[in-house]
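First comes the structure, then the notes that go with it.
Throughout, protein chains are lettered first and strands after them, A, B, ... in sequence-line order, and every chain is numbered starting at 1.
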Amino acid sequence: MKGRILYGIFGMVLATATVLTGSYGLSSQNIEIYKEALNLQDKVDELGFEGFSLADYKVRCYDGSYDYVLSAEDGEAVVEKEKSILQAFVGTAYEVEGEYQVIVPSVERFQELLSALSVGSSGDIASFSAEQYGVEEQAATIWHEAMHAWQFTRYEEQIQNIIKAEYSSLDGNLGNVITDYIDSNPQVVSLYKQELDCLKKAVFATSIDDKKAYVLQYRKLEEERRQLLTEDVLSVEDYYENVEGMAYYVESKVYEMEKGWDIYKEQYLNEMQLYTEGTHKYYIIGMAKCLLLDEFQNDWKNGFDFTKSLSEILYENIVR
Amino acid sequence: MEIMMTAVKEKLRRKELYIIGGIAVLLLFFLSSGESSLSINGEMITDFTMMLPVFLTIIHFVSCVLAIVLSIGTIGKEYERKTSHLIWIRGVSQFQYHGQLALSNLMISLMAQFVFFVVLGIYCIGQGQMQCFFRMIPAYLITGISTAILSLLTSVLSIVMPAFAAGVISTVVLVGGVFHSLLGIAAGTVGGAGGKALKYLLSVIPDLNNNAKMSTDFLLGKQVSVHDILVGVLTIYLISWFLVILKKKEA
């Protein structure tokens with residue numbers, strides 16, 4: 001009996017130590033990441049997106065059980081625990097009570113997600129491995145989703161009209177269009193590989209004339225590819241390029257602000273010529289076109305028109 | 001302790017120990033030889049820091065499997081053979097009897113795990129990773145948390161249910177524990193009733209994979225979570241109480 005009592009006391013001490021060493025709620029690391037993202041506002045302003053401010057959008061960090069809603073009040077980060085809106089590990093901008101909010105998994109959950117799924121530079125989820133993903137990467141992801149919040153707040157109707165009738169109701173299943181009509185068509189894939197190679201050369205070219213030459217070469221390949229696809233399928237591609245490409249461009253520039261040119265180049269640019277199945281290639285293509293637009297017309301973001309594809313805007317600016 | 005030592009000696013005669021353990025040792029030696037062609041995402045794994053997680057994953061998984069296999073029939077067989085009567089007449093309580101048998105299961109499981117860590121130690125020395133070698137005992141104990149959980153759980157379940165049922169439940173816990181992160185992600189991604197059900201199931205299954213990960217991190221000199229280690233030890237402690245609570249009715 002004495003032994004059981006002593007064993008019971010040992011258990012109580014063990015349980016107390018377990019509780020005291022635990023961390024509950026949103027980890028301080030997520031709050032620090034949010035503050036770091038906010039602190040990048042001045043540099044993000046230099047990109048030129050009018051009225052694009054992270055502080056305008058609440059950031060919901062989902063830890064698997066609850067949403068921890070981060071907002072900026074009087075320069076301080078405020079955290080509120082709420083019932084989870086989506087109850088899913090997604091990075092997105094979502095309308096909550098009439099306003100678009102950023103939703104991201106907590107950094108710990110994101111690391112687990114990457115580790116569990118072992119996604120690397122291919123795939124639709126992220127461009128980072130589990131070992132790479134940390135503070136700067138999560139901050140860049142927050143800015144990516146904040147760009148979506150900005151896009152949908154200002155240009156919701158225009159964006160919804162990008163996708164033509166046949167696929168306008170697919171919403172979350174648009175990726176299947178890419179799988180069914182793009183990735184499964186060898187001719188389209190072959191042209192895409194050439195286009196990606198051209199885009200990379202254009203991005204890395206040092207003179208404006210060389211960039212222009214590569215863009216014009218890209219244009220010919222793109223026109224040839226587009227003839228193989230229906231207007232409806234092309235509208236889905238345009239949607240991903242415009243919406244995700246622009247957000248990926250912001251994410252990559254934020255990453256460059258945090259990590260510097262060399263690491264940014266290695267992460268976002270060095271392998272941009274690789275064809276990947278799924279929608280991630282449009283992130284890269286859209287980002288590349290945004291980078292090229294920066295070279296040809298650095299105020300292209302003013303009054304951006306989502307009814308036009310990035311290609312149309314790029315070619316207009318080359319002709320100027 | 002006589003009951004425990006007798007049970008350990010009996011287990012050392014079991015062929016499953018040598019078959020599963022032998023295969024695992026051969027696999028580990030093969031991996032450490034540099035002849036293997038492992039790759040992740042198309043990238044060949046040759047570097048020590050990349051091989052170590054592979055080693056620990058295999059050691060952890062095989063140790064957990066052995067823990068179930070070696071623990072599954074111990075208590076049930078004692079009652080089948082009617083040797084339990086010889087115990088009662090000596091004034092040994094059911095708790096003491098089951099406890100010593102469970103301890104024998106745990107000992108033999110940890111001994112098997114120790115052999116795997118010896119192979120790992122040889123690999124570390126061969127790679128010139130002496131700092132890893134000197135961290136092996138705590139890493140062994142961290143991995144041993146999973147082994148102990150499954151061994152004790154199987155022992156406890158076999159008190160009140162047939163060996164097959166105990167094995168099935170323990171295997172479910174093993175699979176759920178090893179794939180805890182992945183299943184957690186799936187639960188979060190799927191959502192709905194299915195996602196909720198999976199979440200509740202995972203809330204009662206310990207994250208065994210985390211022990212393997214902590215063991216790897218510790219060997220590589222990274223920080224490990226004291227809280228997570230205490231959660232594992234607390235789990236072992238709570239399971240051990242069922243050795244006191246659960247009684248077997250004899251015919």
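- In this structure a side-chain-to-backbone donor-acceptor pair under 3.5 Å is present from B/Y237 to A/Y7.
- Counted within 6.0 Å of CD1 on B/I137, heavy atoms from surrounding residues, nucleotides or ligands total 12 or fewer; the atom is thus considered open.
- Heavy-atom distances place the side chain of A/Y62, and not its backbone, under 4.5 Å from chain B.
- The environment of CD in B/Q96 is crowded: more than 12 heavy-atom neighbours from other residues, nucleotides or ligands sit within 6.0 Å.
- Contact of B/K199 with chain A is made through the side chain alone, with heavy-atom distances under 4.5 Å.
- Rounding to the nearest 0.5 Å gives a distance of 8.0 Å between OG of B/S181 and CZ of A/R109.
- More than 12 heavy atoms of other shown residues, nucleotides or ligands fall within 6.0 angstrom of atom OH in A/Y275.
- Of all the heavy atoms in B/L234 and A/L14, the pair that sits closest is CA-CD2, 3.6 Å.
- Shortest non-hydrogen contact noted between B/V244 and A/R4 is CG1-NH1, 3.5 Å.
- Applying the 6.0 Å contact sphere to NZ of B/K213 captures no more than 12 heavy atoms from other residues, nucleotides or ligands.
- Heavy-atom neighbours of B/Q131 CD from other residues, nucleotides or ligands within 6.0 Å: above the threshold of 12.
- Annotation: B/F179, atom CZ; neighbour count of heavy atoms from other residues, nucleotides and ligands within 6.0 Å does not exceed 12.
- No other option in A/P105, A/S65, A/G8, A/S84 has as many heavy-atom pairs under 4.5 Å with chain B as A/G8.
- For B/F95, the part lying under 4.5 angstrom from a heavy atom of chain A is the side chain only.
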